[in-house]
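Only a predicted model underlies this, so the values are computations on that prediction, with no experimental measurement involved. First the proteins, then the strands, lettered A, B, ... as listed; each starts at 1.
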Amino acid sequence: MKPSIPKGTRDFSPSEVANRSYIMNTIKTAFEIFGFQPIETPSFENSSTLMGKYGEEGDRLIFKILNSGDFLKKADEQLLTDKESIKVTSQISEKALRYDLTVPFARYVVQHQNEITFPFKRYQVQPVWRADRPQKGRFREFYQCDADVVGSKSLWQEAEFIQLYDTVFTKLGLTKTTIKINNRKILSSIAEVIGAQDKLIDFTVALDKLDKIGQAKVEEEMLSKGISEEAIQKVQPLFNFKGSNLENLEALEQLLAASEEGLQGVKELRFVINATTELGLQSANLEVDVTLARGLNYYTGAIFEVSAPKGVKMGSIGGGGRYDDLTGIFGMKDVSGVGISFGLDRIYLVLEELGLFKTVDLPKPKVLFINFGYTEGLYCMKVISELRKQNIKAELYPDAAKMKKQMTYANNREIEYVVLAGSQEVEQEIFTLKNMITGEQQKCSKPDLIKKLK
RNA sequence: GUGGUUGUAGCUCAGUUGGUUAGAGCGUCGGUUUGUGGUACCGAAAGUCGUGGGUUCGAGCCCCAUCUUCCACCCCA
């Protein structure tokens, strides 16, 4: 049998692990500088915790875990014969792999509410799983790096998260990212204006194509989706969103003048935009994007999405938003939260494509001792112990193999120094130290050797 | 979930309209060099051609199914 791994999963080589932890550490460091504390939650949760939080599409993409034992015995006979997959699933599966980090976090907050001091700022870097069809930058197992604040409605949080995005991407050398921002309140008031909430998705999808296919075709698509001519006339200002963020906001304000909710959304956006303008950004661009919808059901206020620099074909590398009542589902009212997520795996691919990885030193020994046999090996091991106590990575080749093999090993692993200590050296109580880069070698005493390897 | 695409040695790939024992480069291992790596030369091992069916005198090549890869839609990180 040929060994293989499930689709959408990956193995990581030592150099990939090194690069991944470089990204991870950059993000974690930034999180802590911004005042977030780490938590971890289980890989799988009770299905009831996850189901219904991500919309219909999301439910379909949740990996369900089969109950243990004779699970079919407990399933309803009729449902089985009728092949009612969804209903049967709820009877034979009570657990599921986590789909994101935000919902488990909300559960955590409610469960530990008495131990938590609010506002609570937590970060979490863990894998999540989605039963999606894999493609470029889309995996079935991938890491999310989340930071959220719960227990504060302050719009300063939104402004801070934009600073956080900017800080991380700047540190990674990934400049010219675009942070898109929108507000759910604006979206739902646009839905009011065009006449129907259920048309909103079609509407934003069509509007999003404005740059590519032009206004006429966009209007055509909207009409074909059942949006009235009258509604399209009303939202004309949206077609002219070419100006600055503030100009766009003004246009929105006029368009949504009749909607209290819409005006509230504009006000919130304006706060964030103004704050960010005052604070400045190092390398990212902030852009108001009314077509940004985001599927996750629980967002109620600001929504964010980060896209890679132009020219890199990649879905969003980060996203987030404000959710006013996520904890309410678990029985804790009036706790507003806002948070963002970094997509580690996609950031990796973007950095790789742009050649932005610095050469990372792989964990490897600084010096390899050639194994000549038991007596010589013991003689070497004594020095190796001393070197290790001084944090110098040293190792003895495990077998008394041919010299050539041992040297080749050192060469392939790019080990800087090799020590040869055969019977001659043992007798004279010295070591032969060879520099593998220059090829030079010299004899030296034990203290001398340790000093040279420091 | 819908549509398309890919699979030949550890890796990257050749393989003619279907025709004997399926090839190359890199890598691996051995040797030239039994206390010296990177270079060079010589040699070897390694493939049920993704898997299972089918068509055919004959299948790596054609057909079907399935798995996998990548891509688009959808959705998203």
Side-chain angles (χ1 to χ4, degrees), chain A residues 1-10 13 23 27 54-62 85-86 98-102 125-146 165 177 201-202 204-205 208-209 292-297 299 303-308 313-321 339-350 368-373 376 397 400-426 431-441 443:
Chain A
M1 196 185 95
K2 260 198 176 171
S4 64
I5 53 174
K7 89 165 111 170
T9 64
R10 295 149 299 154
S13 66
I23 301 175
I27 294 173
Y54 310 102
E56 209 178 309
E57 178 82 2
D59 279 0
R60 191 170 61 76
L61 297 178
I62 292 174
S85 303
I86 294 173
R98 70 168 163 248
Y99 177 89
D100 74 353
L101 300 177
T102 307
V125 176
Q126 289 190 276
V128 301
W129 295 269
R130 294 184 189 179
D132 218 337
R133 197 129 148 198
Q135 55 180 277
K136 188 181 186 185
R138 181 198 279 181
F139 308 100
R140 305 224 283 186
E141 176 183 64
F142 60 96
Y143 267 75
Q144 285 195 333
C145 313
D146 273 35
Y165 268 138
T177 53
I201 307 278
D202 290 331
T204 51
V205 166
D208 194 31
K209 294 176 184 163
L292 178 61
R294 293 188 62 79
L296 296 173
N297 276 359
Y299 292 126
I303 43 186
F304 310 108
E305 198 162 292
V306 185
S307 47
K313 277 188 91 180
M314 182 61 67
S316 57
I317 55 176
I340 58 168
S341 181
F342 290 83
L344 175 77
D345 303 77
R346 287 185 178 176
I347 292 170
Y348 186 105
L349 292 173
V350 172
L368 178 79
F369 285 70
I370 300 294
N371 189 332
F372 285 93
E376 297 89 340
Y397 192 86
K402 281 183 186 159
M403 182 81 143
K404 182 181 165 118
K405 195 178 165 75
Q406 302 193 40
M407 293 300 283
T408 306
Y409 173 83
N411 201 52
N412 289 346
R413 285 198 65 190
E414 297 176 327
I415 297 170
E416 204 178 338
Y417 292 100
V418 160
V419 169
L420 299 102
S423 50
Q424 284 177 27
E425 282 88 349
V426 174
F431 298 87
T432 299
L433 177 67
K434 172 163 178 146
N435 182 320
M436 291 296 279
I437 296 158
T438 61
E440 288 164 14
Q441 62 184 58
K443 293 182 193 264

Between A/E141 and A/V128, is there a side-chain heavy-atom distance shorter than 4.5 Å? no
Rounded distance in Å - CD (A/E141) to P (B/C76): 21 Å
Assigned partner base of B/C76, Watson-Crick or wobble definition, under 3.5 Å: none
With heavy atoms under 4.0 Å as the rule, sort A/L349 into base, sugar-phosphate or nothing. nothing
Closest-nucleotide 5' rank along RNA chain B - winner of A/I5 and A/D345: A/I5
For nucleotides B/U8 and B/A14, find the distance between their P atoms and express it as a whole number of Å. 10 Å
When the C1' atoms of B/G15 and B/G37 are compared, how many Å lie between them, rounded to an integer? 38 Å
Roughly how many Å apart are B/C70 and B/U56, using the P atom of each and rounding to a whole number? 37 Å
Separation of B/G4 P from A/R133 CZ (nearest whole Å): 10 Å
Gap between atoms OH and C1', on A/Y299 and B/C76 respectively (whole Å): 11 Å
B/S/- contact track for nucleotides 25-36 of chain B, protein heavy atom under 4.0 Å: ---S--SB--BB
Between CG of A/D132 and C1' of B/C71 the distance, given in whole Å, is 14 Å
Partner nucleotide of B/U5 by Watson-Crick or wobble geometry (both distances under 3.5 Å): none
Is there a donor-acceptor pair closer than 3.5 Å between any side-chain N or O of A/Y165 and the backbone N or O of A/S341? yes
Between P on B/A77 and OH on A/Y54, what's the gap in Å once rounded to a whole number? 10 Å
Side-chain contact check for A/Q135: nearest option of B/G3, B/A77, B/C71 is B/C71
Paired with B/G58: which nucleotide, if any, by Watson-Crick or G-U wobble criteria at under 3.5 Å for both distances? none
Looking only at the side chain of A/K7 (C-beta and beyond, no hydrogens), which of the listed nucleotides B/G37, B/G4, B/U68 gets closest? B/U68
Ring geometry between A/Y54 and A/Y99 (parallel below 30°, tilted from 30 to 60°, perpendicular above 60°): tilted
Taking the same atom, P, in B/U32 and in B/G38, what whole-Å distance lies between them? 14 Å
Sidechain-backbone polar pair: A/R346 side chain, A/G137 backbone, donor-acceptor under 3.5 Å: yes
Checking base pairs now: Watson-Crick or wobble, both atom distances under 3.5 Å. What partners B/G37? none
Select base, sugar-phosphate, or nothing to describe what A/G58 touches, counting heavy atoms under 4.0 Å on all strands. nothing
Least distance between heavy atoms, A/R140 atom then A/D132 atom: CD-O, 2.9 Å
State which of B/C70, B/C76, B/G37 makes the closest approach to the side chain of A/S316. B/C76
Polar side-chain atom of A/E376 near backbone of A/V426 as donor-acceptor pair, under 3.5 Å: no
Rounding to an integer number of angstrom, what distance separates B/A22 and B/U16 when you compare their P atoms? 15 Å
A/L344 vs A/Q144 side-chain heavy atoms within contact, under 4.5 Å: no
For B/U21, give its Watson-Crick or G-U wobble partner with both distances under 3.5 Å, or none. none
Polar side-chain contact A/R413-B/G37 base: donor and acceptor under 3.5 Å: no
A/R98 and A/W129, any side-chain heavy atoms less than 4.5 Å apart: yes
Heavy-atom closest pair (A/L101 atom, A/D146 atom, distance to 0.1 Å) is CB-OD2, 3.6 Å
Heavy atoms only: give me the nearest A/V418-A/A410 pair and the separation to one decimal. CG2-CB, 3.6 Å
Distance, C1' atom - from B/A65 to B/A9, rounded to whole angstrom: 27 Å
Could you tell me the separation between the CD atom of A/E414 and the P atom of B/G37, rounded to a whole number of Å? 18 Å
Check whether the side chain of A/N411 and the base of B/G37 form a donor-acceptor pair under 3.5 Å. yes
B/C74, B/G3, B/G37: which one has an atom nearest the side-chain heavy atoms of A/R138? B/C74
Roughly how many Å apart are B/G60 and B/C75, using the P atom of each and rounding to a whole number? 44 Å
Under 4.0 Å, counting only non-hydrogen atoms across every strand here, what does A/G373 touch: a base, just sugar-phosphate, or nothing? nothing
Write down the distance separating the C1' atoms in B/C49 and B/G7, rounded off to the nearest Å. 10 Å
For B/A44, give its Watson-Crick or G-U wobble partner with both distances under 3.5 Å, or none. B/U28
Please state how far atom CZ in A/F142 lies from atom P in B/A77, giving the value in whole angstrom units. 7 Å
By the 4.0 Å heavy-atom rule, please label A/Y143 as base, sugar-phosphate, or nothing. nothing
Select from A/K313 and A/S341 the residue whose nearest nucleotide in RNA chain B is closer to the 5' end of that strand. A/K313
Applying the Watson-Crick and G-U wobble criteria at under 3.5 Å, what pairs with B/U51? Answer none if nothing qualifies. B/A65
Measure CG/A/L61 against C1'/B/G1 and give the value in whole Å, please. 9 Å
